[in-house]
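Beneath this line is the structure, given in structure tokens, with notes to follow.
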Amino acid sequence: MDIEQLIALVDKFKQLPKIKRETTLFDIGSRGHFENPMTEVLSFFCNTTEVHGMNDLVISSLVSLIRQNAIYKGLQYAQAHGKPQREVTTKNNKRIDLLLSSDEWIIAIESKVNHQQINPFDEYEAYVDSVIRTKKAVDKDNDLTDETEKQAVFVILSPDGKVDNAPLHPRWCGISFHQLVNEIKKRLQQHFFDAPFNKWSLVLKDFLLHLENLVNDEEQNNAQEEFVLTHLGEISQAWNLLKNTLQSVQHKAHTKLEQHPELNGILRSQKSSWFGLPTTILYSEDERTEVVLFATGAPSVDIADDDPRNAGKHIFIQIHIQTEDEGLELGSLHESLANKAVNHWHSGGSKCFRWPINELSIEGITNEFVATFEAINNLSPLSLNE
């Protein structure tokens, strides 16, 4: 891979969608991206007698969307009754996510977030049909004159609103998260006029935002996956180029250190791997001082940007000094280190310092790495340009 190809690949990568995600209540200390918690919240708002005070706002939104499907365009609007049923067990111990009931229909809903639709849909259909037949038989035995049979309705609620293998499951219709969010939002506007504001309105709005986030996450992940699979060869070459370059830095650093006999008996070195990338560690003979040169592809919780000058940096020097002096300053070790953009902390009896390397050439990286080891070990100055 030549430089022009690599630049073009990086440009394509930069064009991938990067959606700013607003944190919701469902992201905090929970498993909101799983299907069960999501369906529990939906069930709560589908319960017309619950404390949210929104009556059938969410159920009527669902019915309105179901009626947009050709096979259910005649579905009646009807007041749901009873508590929504969760994890309803079928004859063969399979579980339907959510069942809603009225005098006109029974709606079975399967929620899908990140999983394929491998559910036993035929069994779900048979279960709902049997419930309706049983209800009709009971009505007949009780001499009830209404012979109207409830309508069985089957829904897949998912980010894209699609039914996998739709020809094999003609009784199932799909509703996307976007459709549900938009329909509920329209009805919420009127609700805000008709009812006093309460905390459940905020919870529902946060839930809708959470559904939007799930869709955005999937779209972003799909774009990234497509990019990787399409450019697998180029990415592999770029990764090898990165590792080979960092290995060249390792080799250069060791070669330069070997040129200074005054380090014999003082210096030890070790090749390692941090974040899956080649890493070089230098440490003194008594192992009380350690200098690490490492790279990371992206900032993580372990690579804090306490100093704004560290933002967007990827190659770092990190030193560990065994000391109980938590207030130890880097500049006190050597004046050449005083102006580094340092993050520092004390852990496990060691004072730790980290800063990024700014001169991104093999020579520049090597020089700063070796000079740092020389400085913190109070050696006589080394000529790094030999």
Side-chain angles (χ1 to χ4, degrees), residues 17 19 21-22 24 26-27 31-46 56-77 80 84 86-88 95-100 105-125 128 151-189 204-226:
I19 302 169
R21 196 180 195 281
E22 183 178 346
T24 73
F26 301 92
D27 298 314
R31 294 159 66 89
H33 59 291
F34 284 74
E35 291 162 2
N36 279 344
M38 187 196 82
T39 311
E40 289 287 358
V41 177
L42 180 62
S43 174
F44 169 79
F45 283 106
C46 284
D56 66 345
L57 185 149
V58 172
I59 289 184
S60 61
S61 298
L62 283 166
V63 171
S64 177
L65 292 171
I66 293 169
R67 284 165 52 89
Q68 295 176 21
N69 189 285
I71 61 174
Y72 293 123
K73 61 183 180 181
L75 184 68
Q76 298 296 311
Y77 286 103
R86 284 278 294 119
E87 297 290 313
V88 179
R95 296 180 183 276
I96 303 174
D97 285 346
L98 182 62
L99 279 185
L100 307 174
W105 39 251
I106 294 180
I107 300 175
I109 298 176
E110 277 298 300
S111 299
K112 290 295 170 187
V113 178
N114 295 315
H115 299 94
Q116 291 181 324
Q117 297 171 19
I118 55 176
N119 305 69
F121 293 129
D122 291 342
E123 185 170 338
Y124 295 166
E125 294 171 20
V128 174
Q151 185 173 4
V153 180
F154 303 94
V155 176
I156 293 290
L157 180 62
S158 65
D160 62 9
K162 295 180 180 179
V163 178
D164 291 353
N165 297 318
L168 296 178
H169 307 295
R171 300 178 70 182
W172 291 80
C173 69
I175 295 177
S176 73
F177 289 173
H178 272 318
Q179 288 176 303
L180 183 61
V181 168
N182 291 337
E183 188 68 27
I184 292 176
K185 281 183 176 179
K186 287 193 301 184
R187 296 168 189 269
L188 266 178
Q189 292 177 359
L204 179 57
K205 290 184 69 176
D206 219 34
F207 177 62
L208 299 180
L209 176 58
H210 177 65
L211 294 184
E212 291 179 321
N213 284 342
L214 291 176
V215 175
N216 292 336
D217 290 347
E218 180 160 297
E219 290 176 351
Q220 184 169 311
N221 290 338
N222 288 342
Q224 291 174 348
E225 290 166 0
E226 181 180 353

Rounded distance [0.5 Å steps], CG in L65 versus CG in N182: 9.0 Å
Say you draw a straight line from CD1 of I66 to CD1 of I175; how long is it, rounded to the nearest 0.5 Å? 5.0 Å
Nearest non-hydrogen partners of C46 and L100, listed with the distance: CB-CD2, 3.9 Å
Less than 4.5 Å apart, any side-chain heavy atom of V63 and any of I107? yes
Member of I109, V88, V155 meeting the side-chain contact (heavy atoms from CB on, under 4.5 Å) criterion with L98: I109
For residues A108 and I96, report the shortest heavy-atom separation together with the two atoms involved. CB-CG2, 4.1 Å
Residue of the set K185, Q179, R187 for which side chain to side chain donor-acceptor pair (under 3.5 Å) holds with E183: R187
Shortest non-hydrogen contact from V128 to A152? CG1-CB, 3.8 Å
Is there a side-chain contact (heavy atoms from CB on, under 4.5 Å) between F45 and I184? Walk through the geometry before answering. CA-CA 11 Å; F45 283 106; I184 292 176; over 6 Å; no
So, taking the atom named CG in L157 and the one named SG in C173, what distance separates them when rounded to the nearest 0.5 Å? 10.0 Å
State, to 0.1 Å, how close E110 and F121 come at their nearest heavy-atom pair, and which atoms those are. CG-CE2, 4.3 Å
Might you point out which heavy atoms bring F177 and L211 nearest each other, and give the distance in Å? CD1-O, 3.6 Å
With sequence neighbours left out, what residues match F154 under ring-ring contact (aromatic ring centres under 6.0 Å, His included)? W172
Can you name the nearest heavy-atom pair linking L75 to Q151, along with the distance? CD1-OE1, 3.4 Å
Just checking, any donor-acceptor pair under 3.5 angstrom between side chains of S43 and R86? no
side-chain contact (heavy atoms from CB on, under 4.5 Å) between E87 and D97: does it pass, once the steps are laid out? CA-CA 5 Å; E87 297 290 313; D97 285 346; 3.8 Å; yes
Is there a donor-acceptor contact under 3.5 Å from the side chain of S61 to the main chain of L57? yes
From CZ (R171) to CG (N69), nearest 0.5 Å: 13.0 Å
